[in-house]
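Notes follow once the structure below has been shown.
This is a predicted model, so every value here is computed, not measured. In what follows, every chain begins at residue 1, and chains take the letters A, B, ... in the order their sequences are listed.
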There are 2 protein chains.
Amino acid sequence: MFELDVRSRRPIYEQLTDKIKELILYGILRSDEQLPSVRTLSAQLTVNPNTIQKAYRELEREGYIYSRPGKGSFVSPAQQGTNAAKRAEVRDELLRLMAEAVYLGFTESEISVLFKQASEQKGEEDQP
Amino acid sequence: MFELDVRSRRPIYEQLTDKIKELILYGILRSDEQLPSVRTLSAQLTVNPNTIQKAYRELEREGYIYSRPGKGSFVSPAQQGTNAAKRAEVRDELLRLMAEAVYLGFTESEISVLFKQASEQKGEEDQP
DNA sequence: TTAACTGTATTATTAATAATAGTACAGTTG
DNA sequence: CAACTGTACTATTATTAATAATACAGTTAA
């Protein structure tokens, strides 16, 4: 379900929250869908349960999931399919990066070419 | 000369190397120009000298600067003005980010708008 | 020549924090 | 009741950036 880089500088729990957020925002995890239990995921990823719990706690704090003691953790309906947040995020990053690109003399046509490349890339691997 | 975020997760020495690399690649630091001495910069940034030294050592290892015991540390002529490396780097990042943008439904015209915004931005703050 | 700079090297210590380990408690479900 | 769930807490380990404290040698200018 996930790939983690245990020797990354990014903490494991943070890698986890980000991946799960993406799955939710992209709608891959659906509303009220149950997430793996803390202990199950811990075993799957061979990571300490406390690390998983920390990720889940953070996700709940941010409203991405809700947890019911004794039942499990589930995707929060409010967030599902909300690409808006992700879009804004990507937009900001793009703006920052393009400012640099401008500095380095990138032209608009170069940018267009890059965008086309990115489009083709997606076309190949997606949509079976 | 620099702004550091001492509470960033990015190590200080790494923030330093990156900033200096940029100054060199953008040609702001010229060939054979002398960098601040380890101790001077250490005092200016209120950072331990060893941290500065670590950054300088890394920069020398990567060929950005050369150091002469007793004299100082200087910009390596080979690297000055070499935007090629930086361009390639930014290009890669852009491609990766645009792939995500495509996923999120960004259109080419949206991208163009972003590029224009970035261009204007630069125009304002640069070139007096 | 000497004082005050330079870079370089080394060792030890501190600080911060992610991750682990272990245990406990309570709700849910079959 | 047994086996799951989430939650909470404390303690410990491991990693690593940063600091501290010296020491040595080359350069330079007064």
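For the OP1/OP2 pair of dG6(D) and a distance below 4.0 Å, the side-chain nitrogens and oxygens of Ser73(A) include at least one atom meeting the criterion.
With sequence neighbours left out, Arg7(B) forms a salt bridge (charged side-chain N to carboxylate O under 4.0 Å, His left out) with no residue at all. Glu110(B) pairs by the salt bridge (charged side-chain N to carboxylate O under 4.0 Å, His left out) definition with Arg87(A), not counting sequence neighbours. Judged as a salt bridge (charged side-chain N to carboxylate O under 4.0 Å, His left out), and not counting sequence neighbours, the contacts of Lys21(B) are Glu62(B). Arg68(B) pairs by the salt bridge (charged side-chain N to carboxylate O under 4.0 Å, His left out) definition with nothing, not counting sequence neighbours. Residues forming a ring pair (Phe, Tyr, Trp, His ring centres under 6.0 Å) with Phe106(B) (at least two apart in sequence, or on another chain): none.
Here the shortest heavy-atom pairing between Ser42(B) and Asn48(B) reads OG-C, 4.0 Å.
Judged purely by atom type and a 3.5 angstrom limit, Lys86(A) has no side-chain atom pairing as donor or acceptor with the backbone of Glu22(A). Distance alone, capped at 3.5 Å, is enough to place a donor-acceptor pair between the Ser76(B) side chain and the Gly63(B) backbone.
Both Pro11(A) and Arg68(B) lie near DNA chain C, and the one whose nearest nucleotide falls closer to the 5' end is Arg68(B). If you find the closest nucleotide of DNA chain C to Gln15(A) and to Lys71(A), the one lying nearer the 5' end belongs to Gln15(A).
Rounded to whole angstrom, the span from the CG atom of Asn48(A) across to the P atom of dG6(D) amounts to 15 Å.
The list of salt bridge (charged side-chain N to carboxylate O under 4.0 Å, His left out) pairs with a residue in residues 43-61 of chain B, not counting sequence neighbours, reads Glu58(B)-Arg61(B). Screening residues 42-70 of chain A for ring pair (Phe, Tyr, Trp, His ring centres under 6.0 Å) gives Tyr66(A)-Phe74(A) as the qualifying pairs, with residues at least two apart or on separate chains.
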Show which side-chain atoms of residues 10-17 of chain A pair as donor or acceptor with protein atoms under 3.5 Å away, not counting sequence neighbours.
residue	atom	partner	partner atom	Å
Arg10(A)	NH2	Glu14(A)	OE2	3.3
Arg10(A)	NH2	Asp18(A)	OD2	2.6
Glu14(A)	OE1	Arg9(B)	NH1	3.3
Glu14(A)	OE1	Arg9(B)	NH2	2.8
Glu14(A)	OE2	Arg9(B)	NH2	2.8
Gln15(A)	OE1	Asp5(A)	N	3.0
Gln15(A)	NE2	Asp5(A)	O	2.9
Gln15(A)	NE2	Arg10(A)	O	2.9
Thr17(A)	OG1	Tyr13(A)	O	3.4
Thr17(A)	OG1	Glu14(A)	O	2.9

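Residues Ile28(A) and Leu35(A) fall within the same hydrophobic cluster, defined by Ile, Leu, Val, Met, Phe, Trp and Tyr side chains chained together at heavy-atom separations under 4.5 Å.
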Short heteroatom pairs, N/O only, protein and nucleotides 2-4 of chain D, under 3.5 Å:
none

Which atom pairs link the protein and nucleotides 22-24 of chain D when you take only N or O atoms and keep those under 3.5 Å?
none

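Residues of residues 52-66 of chain B having a heavy atom closer than 4.0 Å to DNA chain D, listed by number: Lys54(B).
Put simply, the side chain of Pro77(A) reaches to within 4.5 Å of the side chain of Asp32(A), judged on heavy atoms.
When heavy atoms are screened at a 4.0 angstrom cut-off, Val47(B) is found touching the sugar-phosphate backbone but no base atom.
The outermost nucleotides of DNA chain C lying under 4.0 Å from heavy atoms of chain A, listed 5' to 3', are dA18(C) to dT29(C).
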